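One structure below.
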Amino acid sequence: MHYLAEGLRLPTNGLDYTILAIYFVVVLGIGFAARASVKTSLDFFLSGRSLPAWVTGLAFVAANLGATEILGMAATGAQYGVAVVHWYWIGAIPAMVFLGLVMMPFYYRSKVRSVPEFLLQRFDKSAHLLSSALFAFAAILIAGVNLYALSIVVEALLGWPKWVAIVVAGIFVLLYITIGGLSSAIYNEVLQFFVILAALIPLTILGLKRVGGWDGLTGSLEQSHGENFLSAWGGTGIGDANPLGANWLTIILGLGFVLSFGYWTTNFAEVQRALSAKNLSAAQRTPLIAAFPKIFIVFLVMIPGMVAAVVVPNIGSAHSDLTYNDAIPLLMRELLPNGVLGIAVTGLLAAFMAGMAANVSSFNTVFTTDIWARYVQKDKPDAYYLKFGRGVTAAGVLASIGTAFIASSFSNIMSYLQTLFSFFNVPMFVVFIIGMFWKRASMKSGVWGLVAGTTAAMVNYFVIYKQGIIDIPSDQGANFVSAIVGFVAGAVVMVAVTLFTAPKPEAELAGLVYGTEAPGADEPPEEGDDAWYRKPALLGWGAIVLAALCYLPYSL
């Protein structure tokens with residue numbers, strides 16, 4: 001992410017800072033209110049598996065709706081136009097539906113406390129330990145991205161020094177997670193979801209008004225950027241040149257399948273929200289409920305980015321001091337009056353904190369339950385792990401401050417995030433998907449699949465792409481290819497290792513492989529389960545159909 005332009009300082013006043021202060025007070029108040037419900041480690045790490053589906057569903061989408069996505073996807077809209085819809089309607093909705101309908105029954109019925117713990121049950125300790133270490137490392141790296149991005153935005157918009165922004169945000173996230181555990185993080189994410197919407201909706205409406213409505217926006221962009229700028233698939237034929245640096249095949253396979261499914265189905269920062277639901281039905285509905293706002297959020301980030309491309313025709317070019325990442329801050333300065341401006345700034349900070357909190361809360365769970373309690377300090381009293389979990393939360397926040405400097409070495413934080421996903425989430429996904437659908441997959445194949453997938457993705461990015469062995473037009477295109485390479489390498493190695501090693505005894509696969517039932521898997525139906533909005537399959541197919549209908553106007 002390039003530093004935001006110095007001229008983007010916002011004309012904030014006392015009213016705006018009052019709104020910001022009220023928000024921080026409410027955040028801490030939610031943390032203290034949640035503290036009363038934290039009596040065991042399960043309460044701290046998974047909210048005692050007691051939360052309703054609508055709460056976990058909104059937290060699920062808010063955990064992903066970090067400011068890196070808001071700024072990054074608005075920048076993508078300014079740079080690539082309508083192509084940004086791929087990250088939502090292909091790169092999110094199908095995978096969220098798959099998680100809800102297919103994978104959540106495996107996660108929830110197995111009573112695991114984390115995604116890596118499922119690999120322990122399906123494979124062996126080596127796969128479990130490696131996946132736990134990889135996930136914990138990735139979670140801290142991604143939390144650092146949020147902190148670094150926050151410091152840049154706050155310095156540019158409000159004039160705060162970077163270290164002040166990092167320390168203030170880190171302290172608030174540390175306090176409300178340490179005090180109230182996952183419940184505090186989730187209820188704050190629900191609040192943050194609505195604050196983010198309150199910031200983006202006025203920005204989108206006023207932005208459209210500034211450029212003469214939708215017709216004025218599309219007319220200006222077609223004249224200045226060409227008709228492919230307003231088409232999701234224009235210029236994506238194999239061999240065609242386009243700014244995205246990707247063709248339809250790498251978009252569908254790299255983004256729509258490998259990166260998307262790898263992120264949404266195995267990223268514990270998201271899955272943890274569903275595991276905190278009160279029963280299996282609520283757990284399944286969590287990502288499905290989240291899918292519906294996800295379908296429409298794309299308009300709230302894409303349109304401001306495209307508006308910025310009209311307001312500043314040369315944004316992102318050598319002829320302007322404004323980068324694509326400046327799109328949202330530019331419109332905030334140009335369009336929002338005081339008061340509304342305070343809400344918008346609060347929304348940005350809320351988004352950063354939601355993204356950071358999701359990764360820190362998942363990190364403390366994995367590090368405590370999957371690494372410390374399993375391999376370092378076994379069989380301690382539950383109170384010990386509750387205390388240790390609070391302590392490791394502080395360590396995670398401090399480590400995030402350190403990894404923020406790693407993020408500063410990348411010119412585009414969205415590309416950096418996609419790179420991390422191709423390295424860490426994709427290999428885990430291939431191990432999960434083969435382990436879930438192939439009984440014969442041996443216990444040892446899990447760890448070697450993780451090693452092969454991660455190694456292959458890194459070699460493709462750092463050697464084949466960065467050294468110019470194969471010409472890939474952009475970082476984004478290289479990430480798609482790295483994801484595909486990592487998936488294929490992990491799958492091939494898993495099959496090869498399985499042919500020479502022993503499978504897991506079939507009696508131990510109950511509830512871990514598709515088509516097998518865990519003992520006691522049938523749950524008594526919850527009152528009202530026959531209502532249409534409580535049926536996961538109906539919600540899932542409804543989300544896919546709605547996303548497909550939204551695609552139609554932009555598909556040509």
Side-chain angles (χ1 to χ4, degrees), residues 1 68 91 115-116 119 123 126-145 148 245-246 250-251 253-255 257-269 359 363 366 399-400 402-434 444-497:
M1 180 187 225
T68 48
V115 168
L119 292 184
F123 294 101
S126 56
H128 172 248
L129 181 58
L130 178 59
S131 64
S132 299
L134 288 175
F135 176 80
F137 181 60
I140 292 301
L141 287 174
I142 296 170
V145 174
Y148 170 66
T250 55
I251 291 173
L253 292 181
L255 174 63
F257 176 59
V258 182
L259 274 173
S260 171
F261 279 69
Y263 175 81
W264 290 103
T265 64
T266 65
N267 182 20
F268 187 48
N359 284 283
F363 164 78
V366 168
S400 300
T403 59
F405 293 99
I406 298 177
S408 67
S409 64
F410 285 78
S411 62
N412 186 306
I413 54 173
M414 283 308 296
S415 293
Y416 175 50
L417 286 176
Q418 296 289 324
T419 302
L420 293 179
F421 296 152
S422 69
F423 291 169
F424 299 115
N425 291 96
V426 168
M428 196 176 295
F429 171 63
V430 68
V431 172
F432 264 85
I433 208 70
I434 290 179
K444 291 299 180 185
S445 67
V447 65
W448 289 110
L450 285 171
V451 170
T454 301
T455 303
M458 288 183 172
V459 167
N460 179 78
Y461 187 84
F462 290 116
V463 179
I464 296 177
Y465 167 58
K466 286 295 187 181
Q467 301 301 318
I469 296 175
I470 294 179
D471 183 29
I472 303 176
S474 68
D475 284 349
Q476 206 63 265
N479 290 332
F480 295 163
V481 175
S482 294
I484 296 171
V485 169
F487 182 89
V488 172
V492 169
V493 168
M494 284 189 72
V495 172
V497 171

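Just so it is clear, the values below take in all heavy atoms, side chains as well, and ignore hydrogens, waters and symmetry mates. Keep in mind that what you see is a predicted model, and the values were worked out from it rather than measured.
Using a distance-only test at 3.5 Å, with no hydrogens or angles considered, a donor-acceptor pair links the side chain of T454 to the main chain of F423.
Closest approach of A136 to F363, counting heavy atoms only: O-CD1, 3.6 Å. Contact detail for I140 and T403: the closest heavy-atom pair is O-OG1, 2.9 Å. Heavy-atom minimum distance, K444 versus S126: NZ-OG, 4.2 Å. Pairing each heavy atom of N425 with each of G262, the nearest pair is CB-O, 3.5 Å. Considering every non-hydrogen atom in both L119 and M428, the closest pair reads CD1-CG, 4.3 Å. Contact record, N359 with A269: OD1-CB, 4.1 Å, taken as the closest heavy-atom pair.
Distance OG1/T455 to CG/N460: 12.5 Å, rounded to 0.5 Å. Atom CZ of F424 sits about 6.0 Å away from atom CG of L141, to the nearest 0.5 Å.
No side-chain heavy atom of F261 sits less than 4.5 Å from a side-chain heavy atom of I433. Within the 4.5 Å cutoff, side-chain heavy atoms of Y461 are placed close to those of T419. Between F123 and V431, some side-chain heavy-atom pair lies under the 4.5 Å cut-off. Under the 4.5 Å side-chain criterion, counting only non-hydrogen atoms from C-beta, F421 is in contact with I142.
Residues passing the side-chain contact (heavy atoms from CB on, under 4.5 Å) test with V492, sequence neighbours excluded: V488. F432 meets the ring-ring contact (aromatic ring centres under 6.0 Å, His included) test with Y107, F118; sequence neighbours excluded. Taking S422 as the reference, L259, S482, A483 meet the side-chain contact (heavy atoms from CB on, under 4.5 Å) condition, with sequence neighbours excluded. Applying the side-chain contact (heavy atoms from CB on, under 4.5 Å) rule to A456 yields the partners V485, A489; only residues at least two apart in sequence or on another chain are considered. Under the ring-ring contact (aromatic ring centres under 6.0 Å, His included) criterion, F135 pairs with no residue at all, not counting sequence neighbours.
Each of F429, F480, Y263 was checked for a ring pair (Phe, Tyr, Trp, His ring centres under 6.0 Å) with F257, and the lone residue meeting it is F429.
Applying the salt bridge (Lys or Arg N to Asp or Glu O under 4.0 Å) test to pairs two or more places apart or on separate chains, none has a residue in residues 258-267.
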